[in-house]
Amino acid sequence: LSSDLPQRSAASSATFENFIPGGKNREVLSLLRPSLHAQPCSILLHGPSGTGKSHLLLAACSILNERFPGKTLFLSGRELVALFRRSSEQAHETFLSSPAILIDDIQGLEKYPDIQKELASLLDSMEHCFFLAAYQTDAYDESGQKLLPMLYDRLCSRLSLGLEEPDLDVRLRFTQACMEKMRLPENRSAALYLSRHCLRLRHIRGVLEQVFLRYEQNNALPSVDDI
C-alpha cells in the first residue's frame with residue numbers, strides 16, 4: 001500500500017473480547033468473527049450511532065492485519081473521498097491490490113454520487129478482497145437511503161449485519177468495565193444511575209472521563225446528583 005495512505009494500528013484497543021454484546025448483537029458477533037477466517041467477502045455493519053460498529057470494524061482490522069500484514073487498509077468515509085479526489089487511478093490501483101479494505105462511516109459518501117458509482121463498479125472486480133463497511137443509520141434512514149442503490153445493494157449482497165442500541169444490561173456492564181479500567185472505586189449505584197440516564201455508550205464514556213478528572217483532583221467520586 002502507498003505510504004501516504006492513513007494507516008490504523010493493528011494494536012487497537014478495540015477487540016472482539018472487549019466488545020460487550022447484548023440481544024441481537026450477540027448474533028452479529030457470532031457471524032462476523034468466523035467470516036474473517038473464511039473466503040473473502042463483503043460485510044456491511046449497520047445501525048444507529050453508538051452501537052459498536054466502529055469498535056467491531058477496528059477489531060476486524062486487527063484480525064485481518066494478522067492475515068495480511070501491512071496490506072490491510074482502514075479508511076473513514078472522509079479519507080475515502082480524499083483518496084478518490086486526489087487520484088482516481090491510484091484509488092483503483094490501491095483497491096484492486098489490497099486483500100482487505102475496511103471503511104468506517106461509509107454514509108459519508110452521501111454527497112459524492114460519482115465516487116459511489118466508481119466504488120460500486122470496483123466492488124464487482126474485488127471478489128479476491130475482504131471489504132467491510134460501517135454504515136450509520138438514523139431515525140430517518142433505516143435502509144441505506146444515504147447511498148445510491150447500486151452501491152448499497154452491493155454492500156449488502158453477501159453479509160449484512162444490523163446492530164441494535166445497547167439495552168440496560170449492556171450499558172451497565174460497559175459502565176462497570178470503564179470504571180474498572182479507569183481504576184475508579186467500585187460503586188454499583190452510581191454505575192446503575194449512569195446506565196439508566198445515558199443511552200449511548202460514547203456518552204457514558206464521556207461522563208466517566210469527566211468523573212475521572214474530578215476523582216484525580218479530589219480523590220473522591222462526585223455524588224450522583226453531580227453526575
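FYI, the numbering just counts along the sequence from 1.
- Cluster annotation: Val211 and Leu192 are assigned to distinct hydrophobic clusters (Ile/Leu/Val/Met/Phe/Trp/Tyr, side-chain heavy-atom contacts under 4.5 Å, transitive).
- The nearest pair of heavy atoms linking Gly77 to Leu109 is O-CD2, 4.1 Å.
- Between the Lys53 side chain and the Pro48 main chain, a donor and an acceptor come within less than 3.5 Å of each other.
- A continuous path of Ile, Leu, Val, Met, Phe, Trp and Tyr side chains, each step under 4.5 Å between heavy atoms, connects Leu31 with Leu36, placing both in one hydrophobic cluster.
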(request) Would you sort out whether Leu213 and Gln210 count as a side chain to side chain contact (heavy atoms under 4.5 Å, CB included), showing the intermediate values? (result) CA-CA 5 Å; Leu213 291 176; Gln210 295 301 313; 4.3 Å; yes
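- For Glu27 (side chain) and Lys24 (main-chain N/O), no donor-acceptor pair under 3.5 Å exists by modelled atom type.
- Screening Leu73, Thr72, Leu75 for a side-chain contact (heavy atoms from CB on, under 4.5 Å) involving Leu102 leaves a single residue, Thr72.
- Judged by distance alone, the side chain of Arg154 and the main-chain N or O of Asp124 form no donor-acceptor pair under 3.5 Å.
- In this structure, Phe68 and Phe130 have tilted ring planes: the angle between them lies in the 30° to 60° band.
- Cluster annotation: Leu147 is connected to Val81 through the hydrophobic network of ILVMFWY side chains, with a link wherever side-chain heavy atoms come within less than 4.5 Å.
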(request) With side chain to side chain contact (heavy atoms under 4.5 Å, CB included) as the test, would you mind laying out the steps for Ser88 and Glu118 before giving the verdict? (result) CA-CA 9 Å; Ser88 178; Glu118 280 193 74; 2.5 Å; yes
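- Counting heavy atoms from C-beta outward, Leu44 and Arg158 have side chains that stay 4.5 Å or more apart.
- Taken together through direct or relayed side-chain contacts under 4.5 Å among Ile, Leu, Val, Met, Phe, Trp and Tyr, Leu168 and Ile20 form parts of separate hydrophobic clusters.
- Closest heavy-atom contact between Ala191 and Gln176: CB-CG, 4.1 Å.
- A donor-acceptor pair under 3.5 Å is formed between the side chain of His128 and the backbone N or O of Leu96.
- A donor-acceptor pair shorter than 3.5 Å can be found between the side chains of Ser54 and Asp104.
- Under the 4.0 Å criterion applied to side-chain N and carboxylate O atoms, Arg33 and Glu17 are assigned as salt-bridge partners.
- Checking Asn65 against Ser62 by side-chain atom types alone, no donor-acceptor pair falls below 3.5 Å.
- In terms of heavy-atom proximity, Val170 sits nearest to Gly22 at CG2-CA, 3.5 Å.
- Side chain of Arg78 to main chain of Gly108: no donor-acceptor pair is present (N/O by atom type, distance under 3.5 Å, no hydrogens or angles).
- Under the 3.5 Å distance criterion, the side-chain polar atoms of Ser97 are matched with a main-chain donor or acceptor of Thr94.
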(message) Assess the residue pair Asp105 and Gln107 against the criterion (side chain to side chain donor-acceptor pair (under 3.5 Å)); give the C-alpha distance rounded to whole Å, side-chain angles, the decisive distance to 0.1 Å, and a yes or no.
(response) CA-CA 5 Å; Asp105 291 326; Gln107 74 279 353; 3.3 Å; yes
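- With contacts defined as side-chain heavy-atom distances shorter than 4.5 Å, the pair Ser49/Arg202 qualifies.
- The minimum heavy-atom distance linking Leu155 with Ala133 is given by the pair CD2-CB, 4.5 Å.
- At a cut-off of 3.5 Å, with distance as the only test, no side-chain donor of His46 or Gln136 sits close to an acceptor on the other residue.
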(request) Using the side chain to side chain contact (heavy atoms under 4.5 Å, CB included) rule, take Leu201 and Arg171 through it: C-alpha gap first, then chi angles, then the decisive distance, then the call. (result) CA-CA 7 Å; Leu201 301 186; Arg171 297 196 302 273; 4.1 Å; yes
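- For the pairing with Phe19, the side-chain contact (heavy atoms from CB on, under 4.5 Å) check across Leu32, Val28, Leu56 returns one residue only, Leu56.
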(request) Evaluate the salt bridge (charged side-chain N to carboxylate O under 4.0 Å, His left out) criterion for residues Asp169 and Arg173: first the C-alpha distance (whole Å), next the side-chain angles of each, then the deciding distance (0.1 Å), finally the verdict. (result) CA-CA 6 Å; Asp169 176 64; Arg173 286 189 287 144; 3.2 Å; yes
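- Residues Ser195 and Ile204 share a closest heavy-atom pair of CA-CD1, 4.5 Å.
- Remark: Met182 CE to Glu216 CD distance equals 10.5 Å, nearest 0.5 Å.
- A pairwise comparison of heavy atoms in Leu194 and Val207 identifies CD1-CG1, 3.6 Å as the closest pair.
- Looking at Asn18, its side chain does come within 3.5 Å of a backbone N or O of Thr15 through a donor-acceptor pair.
- In this structure, a donor-acceptor pair under 3.5 Å is absent between the side chains of Glu164 and Thr51.
- Aromatic rings from Tyr135 and Tyr152 are positioned such that their centres are separated by under 6.0 Å.
- Atom CG of Leu80 and atom CD of Gln116 lie 10.0 Å apart (nearest 0.5 Å).
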(message) Using salt bridge (charged side-chain N to carboxylate O under 4.0 Å, His left out), reason through Asp114 and Arg85 one step at a time and then give a plain yes or no.
(response) CA-CA 10 Å; Asp114 55 330; Arg85 284 285 183 258; 3.1 Å; yes
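- Leu172 and Phe174 are assigned to two separate hydrophobic clusters, defined by single-linkage of ILVMFWY side chains at heavy-atom distances under 4.5 Å.
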(request) Could you give me the CA-CA distance, side-chain angles and deciding distance for Ile43 and Ser35, then say whether side chain to side chain contact (heavy atoms under 4.5 Å, CB included) is met? (result) CA-CA 9 Å; Ile43 302 171; Ser35 69; 3.3 Å; yes
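- Listed by chain and number, the residues in a side-chain contact (heavy atoms from CB on, under 4.5 Å) with Lys117 are Leu148, Met150 (sequence neighbours excluded).
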